[in-house]
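One-based numbering along the sequence shown. Computed from heavy atoms alone, side chains included, the values below leave out hydrogens, waters and symmetry copies.
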Amino acid sequence: MNKGWLTFVLSLLQSYYPTSCQTGLDNCILPSSWSGLWFESGVRGAISINTSTVLHKGKCMKQLKHPSQFIFKNSQEGNCLRCLSIHQKHANVLQYKESKCITERKNYKEICRSISVDEPLKSLFRVNASGVDCPIHGTYSFSYSRGHGLCSYPLSSLHQCSDKSRLVFSYQACVDIKGSQSQTEQAHCIADWKEGSTYYFVAQMNSSHVSTVDQESSFRCFVYKEIHTGFLLSQSAEAKCNLYTATEGYRTMSLKRLKEDGSSCHFPAWFTAHRRYHSLSYSNAYQINQAGNALTLETTGTHETTKLECLNMKSETNTTALFTVQSVQSCSVGFHCIQVVKKTENIFYIKIGRLSPNNEDACHTQLFFDNTIPTTTITTAHLHASICPLTGNYALRNKNISSNCSNQVTLSSGCHNSHKMKLTTICPKEIKDYSCHGNWEEENEDVLFSKKSFSIVSYKTESTSAKGCFIKHFNEKLDELSLSLKADCSDSSSDIMWSYTALNYGDCAPTALATSNSALQKSSTITVILLTKLIHMLAS
């Protein structure tokens, strides 16, 4: 037998009877990046992979010249051989197709060629995978369908958390649309990749009815396609990536972009001229970021902060602005309507509406921004002194207190200093000084031909300094002057520190002041006459 004929016979035998070289473990080392614990839909328990074994497929016997094809022998299936064509789509995702487990002796290449094009694509997701930045950035409103009609009113919303690996889907229920329901789901993105012209990402879902512990229900695959206004998005029904387009799936969504990083929505320049404000009671602090498009609200005494990101400017003038914001607290989200009114360079009113599940309804005056929403007065940390809103000496009386010693109160304003007021009670003898900071006037909507003057005042308490809102109200119809000090300047504030009707009994001339001081100290007849006159005037 010549040498050529012998070589032909040996090669023929080798193709039908695999040699030790073909089956040697040293010819198959699985990539180390595959090692770890994985989940596959329909397979009970975690799947362990190391450099030689895939738990539910057996030992790797051979890696073919095609780098994605591997021959496995599974002792649990009678030592049959199976070819797996495995592709690593991401560090946290493996996908494969497989042949049937073949017991008869065949050439390895023939086993791999037996994988049908119709064979289902299976996916492995890494257990306890680290998150990756989700490919959809920003904030969106969206309509969605589960095959029973489009749920488009009210619109649902999606936003990316401060942790860029997390998305929050806030679904709204639509009347007469089967399958629509109000619920919130959080998606933790673990992988994203491109397959031809199709873009995928995988996330683990978490909600009130889906826990990440239940991996079969929590792993989901998405296909997304960017369009001019946002994205088209489809979601798988199972823990599989059996999706091929962004318009077909268990749930399909059409996302309209509301906000992205670098959004064009900014707060007015007259509001961002200062970066930090606080309420008069110091209970809330407001910090504007350098870009002028986010306001952080911090509650004093707690570590709670809420970030309000500007989404849409509804209206703006030189003194008033109305806009919608996205509220982000940790990874919870909602939308608010905010109105800011400029009173002076350093004093503003701010009104923050109730939390709305979508941006479109946030400024609805009957749902989330009605008249019951309180207005808060905010100021800069430092306020310049200004002239007080009245000048002279005034006898004060509280209508709710009978005429006695405790009802003998006087106010001296702008006499020794144009931006100082002094409130004096007779018994017990007490003097409190107030400094005025910023004045403005408003029409009184409740009473015709009536105006109110406001001034922020600062004063000392036993332990610290404080601020309040001094209000002067003159009713022309009743020819009556009212003075009050409140915790806030808004009409909605019911926290009144003191309130009096006032009668001017002299200007700031030195003789008048001397007479006033003498009358207070000696309880003179002049004071009694003035107070009696005031009582009769108020009683009438």
Side-chain angles (χ1 to χ4, degrees), residues 131 133-146 148-189 201 203-212 217-218 220 222 224 229-237 246 249-261 263 265 294 297 305-312 323-338 352-364 367-369:
D133 285 2
C134 296
I136 295 179
H137 308 279
T139 302
Y140 302 81
S141 62
F142 69 88
S143 56
Y144 69 96
S145 172
R146 288 178 57 183
H148 304 289
L150 186 67
C151 180
S152 58
Y153 185 82
L155 286 170
S156 302
S157 65
L158 177 151
H159 84 281
Q160 187 178 35
C161 301
S162 51
D163 175 358
K164 303 297 185 184
S165 69
R166 297 184 186 274
L167 299 172
V168 173
F169 294 81
S170 298
Y171 294 98
Q172 298 299 307
C174 293
V175 178
D176 298 330
I177 300 296
K178 185 180 178 182
S180 70
Q181 56 183 329
S182 181
Q183 64 176 4
T184 299
E185 288 188 338
Q186 188 178 122
H188 182 217
C189 299
F201 72 90
Q204 213 169 355
M205 312 303 290
N206 189 17
S207 69
S208 59
H209 62 282
V210 175
S211 169
T212 54
S217 299
S218 62
R220 289 296 180 264
F222 295 82
Y224 65 99
T229 55
F231 288 90
L232 297 177
L233 185 65
S234 64
Q235 177 184 335
S236 66
Y250 161 74
R251 181 188 282 125
T252 57
M253 293 161 265
S254 178
L255 279 57
K256 181 180 179 182
R257 186 178 291 106
L258 291 179
K259 179 184 179 297
E260 284 188 308
D261 295 337
S263 167
C265 180
L297 171 61
T305 60
T306 301
K307 189 177 181 181
L308 305 174
E309 299 174 343
C310 187
L311 288 180
N312 300 107
F323 41 87
T324 57
V325 297
Q326 171 185 294
S327 168
V328 178
Q329 188 173 14
S330 182
C331 208
S332 61
V333 71
F335 302 90
H336 294 275
C337 187
I338 293 185
I352 303 177
R354 282 187 288 272
L355 190 69
S356 167
N358 58 69
N359 179 61
E360 288 72 20
D361 291 335
C363 288
H364 196 295
L367 297 176
F368 304 103
F369 205 65

Go through Val325 and Glu309 one step at a time and tell me if the side-chain contact (heavy atoms from CB on, under 4.5 Å) criterion holds. CA-CA 5 Å; Val325 297; Glu309 299 174 343; 5.8 Å; no
Just do the side-chain contact (heavy atoms from CB on, under 4.5 Å) check on Leu258 and Thr324 with the steps written out, would you? CA-CA 11 Å; Leu258 291 179; Thr324 57; over 6 Å; no
Which is it for Ile136 and Phe222 under the side-chain contact (heavy atoms from CB on, under 4.5 Å) test, yes or no, and what are the steps along the way? CA-CA 11 Å; Ile136 295 179; Phe222 295 82; over 6 Å; no
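Between His188 and Gly131 the shortest heavy-atom distance is NE2-CA, 3.4 Å. Between Cys337 and Phe369, the closest heavy-atom pair is O-CE1, 3.4 Å. Among all heavy-atom pairs drawn from Ser152 and Cys174, the shortest one is N-SG, 3.6 Å. Of all heavy-atom pairs between Ser180 and Cys151, the closest is CB-SG, 4.0 Å. Taking every heavy atom of both residues into account, Phe368 and Pro357 meet most closely at CZ-CD, 3.7 Å. Of all heavy-atom pairs between Gly334 and Leu355, the closest is CA-CD1, 3.4 Å.
The side-chain contact (heavy atoms from CB on, under 4.5 Å) test applied to Asn358 returns Pro154, Ser356, Glu360, Asp361, not counting sequence neighbours. Shown here are the side-chain contact (heavy atoms from CB on, under 4.5 Å) partners of Ser254, two or more places apart in sequence or in another chain: Ser143, Leu232. Taking the side-chain contact (heavy atoms from CB on, under 4.5 Å) definition, one finds that Ser211 meets it with Val213, sequence neighbours left out. Legend: residues meeting side-chain contact (heavy atoms from CB on, under 4.5 Å) with Arg251, ordered by chain and number and at least two apart, are Tyr144, Arg146, Tyr171, Gln183, Glu185, Gln235, Met253. Here Ser218 pairs with Gln204 under the side-chain hydrogen bond (donor to acceptor under 3.5 Å, both in side chains) rule; sequence neighbours left out. Listed by chain and residue number, nothing satisfies the salt bridge (Lys or Arg N to Asp or Glu O under 4.0 Å) test with Asp133 (two or more places apart in sequence, or in another chain).
The SG atom of Cys265 lies 7.5 Å from the CZ atom of Phe323; values are rounded to the nearest 0.5 Å. Expressed to the nearest 0.5 Å, how far NZ of Lys256 lies from CZ of Phe231 amounts to 15.5 Å. The structure places SG of Cys310 at 8.5 Å from CD1 of Ile338, a figure rounded to the nearest 0.5 Å. Cys134 SG to Leu167 CG: the interatomic distance, rounded to the nearest 0.5 Å, is 3.5 Å. The CG atom of Asn206 sits 11.5 Å away from the OG atom of Ser217 when rounded to the nearest 0.5 Å. To the nearest 0.5 Å, atom NE2 of residue His148 and atom OG of residue Ser145 are 8.0 Å apart.
Test His159, His336, Lys307 against Gln326 for side-chain contact (heavy atoms from CB on, under 4.5 Å) and you get one pass: His159. Exactly one residue among Phe142, Tyr140, Phe201 makes a side-chain contact (heavy atoms from CB on, under 4.5 Å) with Leu233. That residue is Phe201.
Not one N or O on the side chain of Arg166 forms a donor-acceptor pair closer than 3.5 Å with the backbone of Cys189. A donor-acceptor pair under 3.5 Å is formed between the side chain of Ser156 and the backbone N or O of Gln172.
For the pair Ser141 and Asn359, the minimum side-chain heavy-atom distance is 4.5 Å or more.
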